[in-house]
Asks: 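Quick one: the structure is below, questions incoming.
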Amino acid sequence: MASKGATSSGGAKDGTSDSSSSSKKNSKKPKYSRFTQQELPACKPILTPGWVITTFIVVGIIFIPIGFASLFASEWVVEIVDRYDEDCVPRNYTYNQLAYIQSSETNKTCTKRLIVPKQMKSPVYIYYQLDNFYQNHRRYVKSRSDKQLRSRASEGDTSSCKPEAVGGNNYPIVPCGLIAWSLFNDTYGFSVKNKALEVSKKNIAWKSDQEHKFGSDVYPKNFQSGGLIGGAKLNASIPLSEQEDLIVWMRTAALPTFRKLYGKIETDLEANDEITVVIQNNYNIYSFGGKKRLVLSTTSWIGGKNDFLGVAYLTVGGLCLFFAISFIFLYVIMPRPLGDPSYLSWNRGQVN
Amino acid sequence: MLASILVNDQFQPKKWKDLRVGEIIRIQANETLPCDMVLLSTSDPTGVAYVQTINLDGESNLKTRYAKQETLLKMPDEGKVSGLIRCEKPNRNIYGFHANMEIDGKKLSLGPSNIVLRGCQLKNTNWAIGVIVYAGRDTKAMLNNSGAPSKRSRLETHMNSEIIILSMFLVALCVVVSVCALIWLLNHRKELDYLPYYRKQDFSKAGAKDYNYYGWGMETLFAFLMSVIVFQIMIPISLYISMELVRVGQAYFMIRDTQMYDEASHSRFQCRALNINEDLGQVKYVFSDKTGTLTENKMEFQCASIWGEDYSGGNSKIEQGGYSVQVEGKVLRPKMKVKTDLELLQISKCGNGTKEGKHVGDFFLALAACNTIVPLVVDTSDPTVKIIDYQGESPDEQALVYAAATYGFMLMERTSGHIVIDIQGERQRFDVLGLHEFDSDRKRMSVILGCPDKTVRVFVKGADTTMFSVVDKSSNASIIRATEAHLQTYSSLGLRTLVVGMRELCASEFEQWHSSFEAASTALIGRAALLRKVASSVENNLCILGASGIEDKLQQGVPEAIESLRTSGIKVWVLTGDKQETAISIGYSSKLLTSKMTQIIINSNSKESCRRSLEDAIVMSKKLVTIAGVVGNVGGSSEAGSTPVALIIDGTSLVYVLDSELEEQLFQLASRCSVVLCCRVAPFQKAGIVDLVKNRTSDMTLAIGDGANDVSMIQMADVGVGISGQEGRQAVMASDFAMGQFRFLVPLILVHGHWNYQRMAYMILYNFYRNAVMVLVLFWYVLFTSFTLTTAINEWSSMLYSVVYTSVPTIVVGILDKDLSRRTLLQYPQLYGAGYRQECYNAKLFWLTMLDTLWQSAAVFFIPLFAYWCSGIDISSLGDLWILGVVILVNVNLAMDVIRWTWITHAAIWGSIIATFICVVIIDAIPSLIGYWAIFHVASSVTFWLCLLAIVIAGLIPRFAVKYLYQYYKPSDIQIAREAEKFGNLRELGAVQIEMNPILEPPRR
C-alpha cells in the first residue's frame, strides 16, 4: 500500500490538471481514513511505577517456585560419574599412555567398582562422557555424507568425507567421513553382586534418524579398513539404520564436553549396591588430552542432574523482587506526579 | 513518434530519434516539440506563436515566442532559404538563449523569445516552422533532467559513522577469532595429524600427505576470512533496505495527510526526495522567501500617487464588471476586478483636457504599455461577452495592467512590433521600438514607444531606489518629495511599490539609441551587459509620473505558523527582495516581529561601516541576552525574561558581509537573534546566507520558497521545500518536498518531521542492536568450537534472521509508531526540540545500546550453554534453541519499546515470532539437513522452554529497569507529554501554565 501512495504522488506531479474535470480534481484530496491519518485505535502503555513494580513482583513470584522446583528435580536425580581414562592405564604405562592405547598387544580390560549412593529407579541411563573432544570442529562436522547414509544408490557420494572417503582400493567407505571413522569403541559390562546387569542398547537413538536419515538398505563397507583405525568397527551385516551406536555418535555434540547415551539398565539399583564395571578401554583420547567418564544417571522432568537452571531462576526471581522492593522504596521517597508540566524543560527554568 | 521534416521541399514524417540539427521542422497546433527550435514563421501573420511550457517549468499560462520578421517573409513562398545560425553550446538554462542568424547577408539577433524548447506545446497557433538548433540529449529539457541534487539525511550520516564503529568491532571480533585459532593450532600442532576431529593427514593414498592444510599462516587467514563471512551481519545491510521501505511508508502518510492538502489549488503534499524524511524532525533554521511563500503573491492594485497626488481613497469594487469595451458588437472586459478610487476614475475618464488628466493618462499609459503582458481574449458562456485574460510572468505587472484597464487604458493586443491600447473607448496603436527587460541589477524595465502622434517616448518602471537615481531631479523636486513621502506611507502599510517615469526622445537621441540597441542585441558575447549599458543610456533624466502601491496578501495561517515555528525554538530567517519598510511591515503582520523585540538594523554602504555596526550589534545583543538571563534567573515576570532580538539587514550590507571575514561576525550576531530579516537580497545572496549558516553550525537548515529566485537557496539548504504557487514550478522542481501553503510547514515539520525522526532514530538503533546480538551469539559459540567458525544455528536460519524473522516488526514500527499525538505536538511546539537536540539518536544511546546488546547476547548464549552443559544435546538442537531465543528476545525487546500498539503492530511482532517457529520447524523437517527433527526432540523437554523464558526475562531486566528509572526520574519533555496525554491532565494543568508564561523566546539549550 505504501508503493501505491508513492505512485499516486507521481500522478499528482504530472500536472495534467489542465484537462481533467473539476470532479476529478476533487478526487485528488486524500480520502480520510483512520489509517491514512495515523489515528488507528491504539493502546499506549506507559511504564508507570505501578506497572513496573507489579511486573517485577509477578516475574519474581513465577520464577522463584520454578527455580525451587528445578533445583529439587535436579537433586532428586541420582548420578554416578566415574572418570576411568587414567585409572584404566596400567601403572607401567602411566608415562606412555599413547603407546598403551595404540598397541594391539596390551590388555585393555579394566574393572572398576562403583557404589550406588541412593536408590536408582529404572531406567538407569548409561552415558559415556568425553571432555575436550571437539565434535563441533568445523572440519569434523562437515566430514560426513548424509546422502550416502540414507540410500544405497548414492554410496559413492563421498566427496565431503575426505580424508576418510575411499578405502585403499578406491572403493567408497560406508559410512564415510571422520565422524563415523572416530566412532567411540569402549564397551562396558555391568554386574551387581556377581550378577550381570542387562544393558539394553535398543532405542537409544532418535526414531527420526533411524527412519529417515540412516537407510535400512545401507550396509557398512570398507569401514575401518585403512591404515589408521579411528574407532569402532561395524558389523557389515547390519544395516546402518540398526546401528544405534553409530547413529547416536553421528548426532554431533554441540559442546566440547558431552555425553552420549550408551544404553539403559532396566532394573532398579538399590542404595549402597556395588556395581562392578568391566571396561574395554579402547578409545584413544590420550593423544589429545581428553577425558573419559562413565555416567549412570536417572532422569527427572528437568532431564539430568543440572542445578544451573534452578539457580538461574532463583537468581532472576530474587533480582526481580529486589528491584520491586527498591522501586517501591524509591517511589515512596521520590514520587513524581505523572504528566506534570512543571517538569517540562521550558517550564523548569522559570519555576525556580 | 513522428515529426514532419522538410525534405526536398516537402514535409515528410520522420522519427523523433532521427531528427538532426539544422533540419526544418513543422509543428501543428497542440503538438509537443521534439527538439529545441528557432522559429522561422508561424500561422500568425505577425510571427507570434503561443506555447505552453508546463512540461518544462510547470507554468500553465501561455508564453509568446516570435519569429523574426525577416524569416517570416521568406517562408510562405517555400523557396530555398539559406542561412546560418550561430548559437551557444547546449546548456541547461531554459531561460536564456544567445544566437544570431545570418540570412541574406544580414545578421539578426536571436534571443530566448525566438526559441521554442523541447517539451513545450504549441497552442492557439495553427502551425509553426522552425530550424532545429538542439536535438536529442542536447535539448535544454533533457539537460535539465538531472533533478534535485541528491541529499543524505543527517541521521544517515551519523548512522554511517556508527557503522564504521561496528565495522571496526567486526574486524576486532575476526582478529580475536583468528588469533585464537592460530594459538590453538600452534598448541596442537603435534597432535593435528591424528586428532580424530582434525585428521590433518590423509592416509587413503599411499604416502601420507596433508589434507586440506596449508600451514598455520594460511589457516589463520582462512579463519579470519571465514569469520568475516560468519559475522558480516554485524553490518546491517538490510537496514538500508528497511530504511527505504520505512521512508516510502512515511511519505505515504505525509502525502495522505488531509491537513496538508491545499483546497485552493487542489494540490497534495509531494514528497520529491525520499531519503531525507527524518531531517524534517531536526530543523533548527528555517529560511523563508516572502513573496508567494508568506504572502499569496496575488497582487492587488491598491493605490497610486500620480504627479505628487495621493489617490488611495477608493475601496469599493465597481459594480457592472468595471470597465468594458465594445468591439464589433461584443463586450470585452478584463478578467479581474480591481478596487478603484472614484476621484481618480473621474479624472481619468473625463479630465482629458486638464493638466491633471494628462498626467493621469500618461501614468496609466505607462502601466498599460511598460510590461510584457500578453492579452488573451477568452470566450464566455455569453456570446456577446468576451473576457480579456492578461497572461504574463510577473504578477505585479498583471495587477498593474488590470488596474490600467479598469481606469480605461485597456491593453488589447501585443505583438513583437506593436501594441494596441484602448484608451477610453478609442483604439490606439503604439509601435514598440525597443524593450529593455527587467533585470535584477537595474531593478527596472523600460519600453520605447512610437506614439500615434509621431513622438517617441520611453516609459520606465522600477523599484524606487534605482528609479530616483535616474529621475531628473532639477525640474520637479516637489513632486519627487511628495512621491517619496507617499512611497514611505505605502511601504509602511506593507504595499509593494513601483515608480513610473517617462521621457520624450528627440530624433537624434532615438537614432543613437537605435543603432547601439541593434548592435547590442545581435552581439553573441556579453549581450546582457551590452544591453544593460544601452538601457541605462536611455533610462535617465526621467520625468516622474507617479508610483503605484500593490498589496501582497498574507497567506492563510501564516502568522500562526510562524508563531508555532518560533515557539518550537526554530530560528526563522526571512529573505526577501522587498525593501526594508515593506519587509518590516510584513514582518509585523506575520508575527515574525513583535513589539517586544529589540530590532537591530544594519544598513551599511561600506565594509568598514558594516564591520562597525556588526560589532556594536553584537555588544548590544550580548547585553540584552544577559539582562534577560539575569532577570530570568531571579524569577521576574516572563515579559522581562524575554527580550528577543530581531536582526534586520539589507542586501547592500550583505554584499560586504558575504564571502568576507565578516561572515563569522554576522553569524555570531544572528545566532543570538531569534528572528533575522534580510531585505533587498538577490537570489544568489539567498543561497549565500543559507551557506553561511550551514557552514558554521551542524544544525539543520530548511529553505522554503516558491519562485525561480529561491531555487538556489532551496538546493543549498539541507531540506528544500517548494510551494507550488503563482510563480511557477521551478522551486517545486528543485525542492525535496512541495506543498500548497506555507502553513503546512507546521504539520510537516512539527508533526511528521518529529514522528519521522523519532521512528527512524529508533529503527536504526534497534537494527544495530538486533544484528549485533545475533553476531555476538555466533561469536560466543566460536569460542567453544576451538575457534573454527562452526555455527550451531543453521545457515538457513542465519540467512532468514534479518530478512524474515525480525525485519517486519521494525519496518511496521518504523512506519506506524508515534510517540505523541498530532494535537499535542501542535499544541506544544517546544516538543520539537527533541529533534534538533538529537535526543533520539546520539553517541551515548549508541553505546548504551551496544552495552545492552552485550548483556543480552550473553543471556541468550550462556543460559542454554550451562543448562545443557555435560548433556547429550546435539549441535542442531542447541542451535534451534539459540535462534529461537534470539528472535523472541529481540522481538520482545521491540515490543517493550513500542509506544502505540495498533492491531498491525500486534500482528507484526507476534506474527514474526510465530513465523520463526514455523520456519524453524520447516527447516528441521528436511531430512537432508543435519538438524533433521531436532526441534521436535529438543522442544519436547521442559528445559527448552524454561531456557527460552529465562533468556527473555534475564535478557530484558536491565533494559527494563534502566528504561523505567530514566523515564521516571529523568523524564524528557516527550515523556511528560506522553504521560499527560495518557492521563488527560494535559489541558487542565498545561494550558494554564503555558498561558501564564507565553513563550516568546525559544528555550535555550
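We name chains A, B, ... by the order of the sequence lines, and we start the count at 1 in each one.
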Asks: Among the options B:Ser928, B:Ser876, B:Ala954, B:Ala251, pick out the one with the most heavy-atom pairs lying under 4.5 Å from chain A.
Replies: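 Highest number of pairs under 4.5 Å: B:Ser928.
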Asks: May I ask you to name which of B:Trp755, B:Tyr781, B:Tyr194 has the most heavy-atom pairs under 4.5 Å with chain A?
Replies: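 If we count pairs closer than 4.5 Å to chain A, B:Tyr781 comes out on top.
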Asks: Does NZ or CZ of A:Arg336 fall inside the cone over B:Tyr968's six-membered ring, less than 6.0 Å from its centre and within 45° of the axis?
Replies: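 A:Arg336 over B:Tyr968 ring: yes.
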Asks: Looking at B:Phe866, B:Phe936, B:Tyr964, which one has more heavy-atom pairs under 4.5 Å with chain A than the rest?
Replies: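 Most heavy-atom pairs within the cutoff with chain A belong to B:Tyr964.
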Asks: Could you have a look at B:His937, B:Gln975, B:Lys200 and say which one has the most heavy-atom pairs with chain A under 4.5 angstrom?
Replies: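 Of the options given, most contacts go to B:His937.
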Asks: Just so I understand: if I count every heavy-atom pair under 4.5 Å between each of B:Met226, B:Lys963, B:His906 and chain A, which residue has the most?
Replies: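 Highest number of pairs under 4.5 Å: B:Met226.
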Asks: Which atoms of B:Trp869 are under 4.5 Å from chain A, going by heavy atoms: the side chain, the backbone, both sets, or neither?
Replies: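 Both backbone and side chain of B:Trp869 come within 4.5 Å of chain A.
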Asks: Please state whether the side chain, the backbone, both or neither of A:Trp181 comes within less than 4.5 Å of a heavy atom of chain B.
Replies: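 A:Trp181 touches chain B through side-chain heavy atoms alone.
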Asks: At a 4.5 Å cut-off on heavy atoms, which part of A:Arg293 comes close to chain B: side chain, backbone, both, or neither?
Replies: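 Neither part.
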Asks: Less than 4.5 Å to any heavy atom of chain A: does that hold for the side chain of B:Phe787, its backbone, both, or neither?
Replies: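 Contact with chain A involves no heavy atom of B:Phe787 at all.
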Asks: Just so I know, are the side chains of A:Lys260 and A:Phe184 near enough to count as touching, which here means a heavy-atom distance under 4.5 Å?
Replies: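 Side chain of A:Lys260 against side chain of A:Phe184, heavy atoms only: no contact under 4.5 Å found.
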Asks: Sort B:Phe862 into side chain, backbone, both or neither according to what part of it lies under 4.5 angstrom from a heavy atom of chain A.
Replies: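 Backbone only.
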Asks: What residue in B:Tyr932, B:Phe784, B:Trp933 has the most heavy-atom pairs under 4.5 Å with chain A?
Replies: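 With the most close heavy-atom pairs to chain A, the winner is B:Tyr932.
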